[in-house]
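Side chains included, hydrogens not; waters and symmetry mates left out as well; all remaining heavy atoms used. First listed ligand is number 1; within each ligand, the first listed atom is number 1.
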Amino acid sequence: MRVYNFSAGPAVLPEEVLKQAAAEMLDYQGTGMSVMEMSHRSKPYQKIIDEAEADLRKLLNIPENYKVLFLQGGAHTQFSMVPMNLMPHGVADYIITGVWAKKAWKEAQMYGQANAIASSADRNFSYIPDCSDLPISENADYVYICENNTIYGTKFKQLPNTKGKMLVSDVSSCFLSEPMDVTKYGYVYGGVQKNIGPAGVVIGIMRDDLITESCYPNTPTMLRYKTYADNGSMYNTPPCYNIYICGKVFKWLLDQGGLEVMKQRNEEKAKILYDYLDSSKLFVGTVEKKDRSLMNVTFVTGSDELNAKFVAEADAAGFKNLKGHRSVGGMRASIYNAMPKAGVESLVSFMEDFEKKNG
Ligand SMILES: *Cc1c(COP(=O)(O)O)cnc(C)c1O
């Protein structure tokens, strides 16, 4: 039996995609082998990765002058690849809205001067700071944000005013949840295990003039974007099977009607949960309303004991992985693209019931 899985990542995937993958497991389209067993230099595999890229370009309207890169090493590896490749003058500005932005900022300090120009640490990252007039460094190579803060449940509804500097964004947990204007960024990337596919792939989308030879001294070959750009993301063996599943998810998204449709559905789903939180006398949302994420919904009751009781009872009833991140406690429901509306509605009825008994 399938459960409602509210995990922040690795997370729920569309059932149709999993069924297709299962059907093709032993014999991928008459090749007599699984995609897992196939050479990445083979024709069928080249078709898989080419189609994945073409479908992603369609979904996001990616212009010609942006490269799509299938990278490895998780989002964490991007925390170093970004400064190693994109900081030729050795200066960058970071906006600190949570654990992931902070980790990226700390990592960048190993390669140059990384300035924290804004932060919401004062209220445990429960909001997005005003980014309309920040002290952007004159010689900054880029401004860095984490666009959707998976752990805290906040999202930039408006991109920061970078005063002409190039914007770099980690969109791991909001990737493909709604349309995105790629031209607003120099580089945008996301680990796929939140909203797209199995862990092990990071998708990067980079303006092509930023892909150069000039990197931090002795940057390893595998940590240069140019290596991926020049070799169709196959300088070495890529995570073949994971890219294949991502490709299936792109096709699924196109079949659903694309990202405008996903956005509508995601808004509808999030509203069901947020409206209930706003009316409940037991549960409260933990972030400022204007900054609420559509993907990660964080909330608490009045006590740690009741939080724990809720998580345990929900788990027993088939609502899995609702425990908040260890750094914030409470609860978090991640309601990515593949979470059906019925899952959110059932969760809310369960919460109403819990409130009646424990309120
Ligand atoms: C999960 C997550 C990360 C870390 O991803 P890894 O693939 O585990 O390195 C980084 N940034 C964001 C926004 C995330 O949600």
Side-chain angles (χ1 to χ4, degrees), residues 5-13 69-84 86 94-108 110 114 119-121 124-128 142-157 159-160 167-178 180 185 187-205 222-223 228 233 238-239 241-243 245-246 249 266 270 287 291-298 321 323-328 332-339:
N5 179 9
F6 294 92
S7 169
V12 58
L13 287 171
L69 311 170
F70 293 99
L71 307 159
Q72 305 173 44
H76 276 83
T77 300
Q78 294 308 300
F79 300 167
S80 0
M81 277 179 81
V82 165
M84 287 173 113
L86 300 176
Y94 281 71
I95 298 173
I96 313 300
T97 53
V99 164
W100 303 126
K102 196 167 164 185
K103 274 191 155 179
W105 170 54
K106 292 271 179 213
E107 194 76 13
M110 293 166 58
S119 168
S120 51
N124 197 28
F125 303 117
S126 60
Y127 68 102
I128 300 290
Y142 59 83
V143 175
Y144 183 101
I145 60 169
C146 176
E147 203 157 319
N148 186 78
N149 295 279
T150 326
I151 293 174
Y152 306 90
T154 60
K155 162 136 205 282
F156 281 83
K157 299 291 164 78
L159 294 176
L167 181 64
V168 173
S169 178
D170 173 359
V171 295
S172 294
S173 49
C174 58
F175 219 173
L176 306 185
S177 64
E178 57 184 301
M180 171 173 80
Y185 307 84
Y187 180 50
V188 56
Y189 75 87
V192 303
Q193 75 272 25
K194 308 293 161 64
N195 201 24
I196 301 178
V201 183
V202 169
I203 296 173
I205 305 171
M222 284 303 289
L223 297 186
Y228 295 81
S233 299
Y241 193 80
N242 306 35
I243 293 171
I245 298 290
C246 293
V249 172
N266 288 329
V287 306
D291 302 322
R292 282 172 164 175
S293 166
L294 294 182
M295 297 283 97
N296 312 100
V297 179
T298 49
N321 297 310
K323 194 166 187 272
H325 190 271
R326 58 188 185 278
S327 64
V328 287
R332 169 177 54 176
S334 296
I335 49 175
Y336 297 119
N337 286 340
M339 171 58 65

I'd like a table of the close N/O pairs between ligand 1 and the protein (anything under 3.5 Å), one pair per line with both atom names and the distance.
from     : atom 1 : to     : atom 2 : distance (Å)
ligand 1 : 7 (O)  : Ala75  : N      : 3.1
ligand 1 : 7 (O)  : Gln193 : NE2    : 2.8
ligand 1 : 9 (O)  : Ala75  : N      : 3.1
ligand 1 : 9 (O)  : His76  : N      : 2.9
ligand 1 : 9 (O)  : His76  : ND1    : 2.5
ligand 1 : 11 (N) : Asp170 : OD2    : 2.6
ligand 1 : 15 (O) : Thr150 : OG1    : 2.5
ligand 1 : 15 (O) : Lys194 : NZ     : 2.5

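- In this structure, the separation between NZ on Lys323 and CZ on Arg332 is 10.5 Å, given to the nearest 0.5 Å.
- Checked options Tyr142, Trp105, Tyr144; the residue passing with Pro83 is Tyr142 (criterion: side chain to side chain contact (heavy atoms under 4.5 Å, CB included)).
- Checked by atom type, the side-chain pair Ser177/Asn266 shows no donor-acceptor distance below 3.5 Å.
- Of the N and O atoms on the side chains of Ser126 and Asn124, not one donor lies less than 3.5 Å from an acceptor on the other residue.
- Residues forming a side chain to side chain donor-acceptor pair (under 3.5 Å) with Lys194 (at least two apart in sequence, or on another chain): none.
- Ring geometry, Phe79 versus His76: the interplanar angle falls from 30° to 60°, so the pair is classed tilted.
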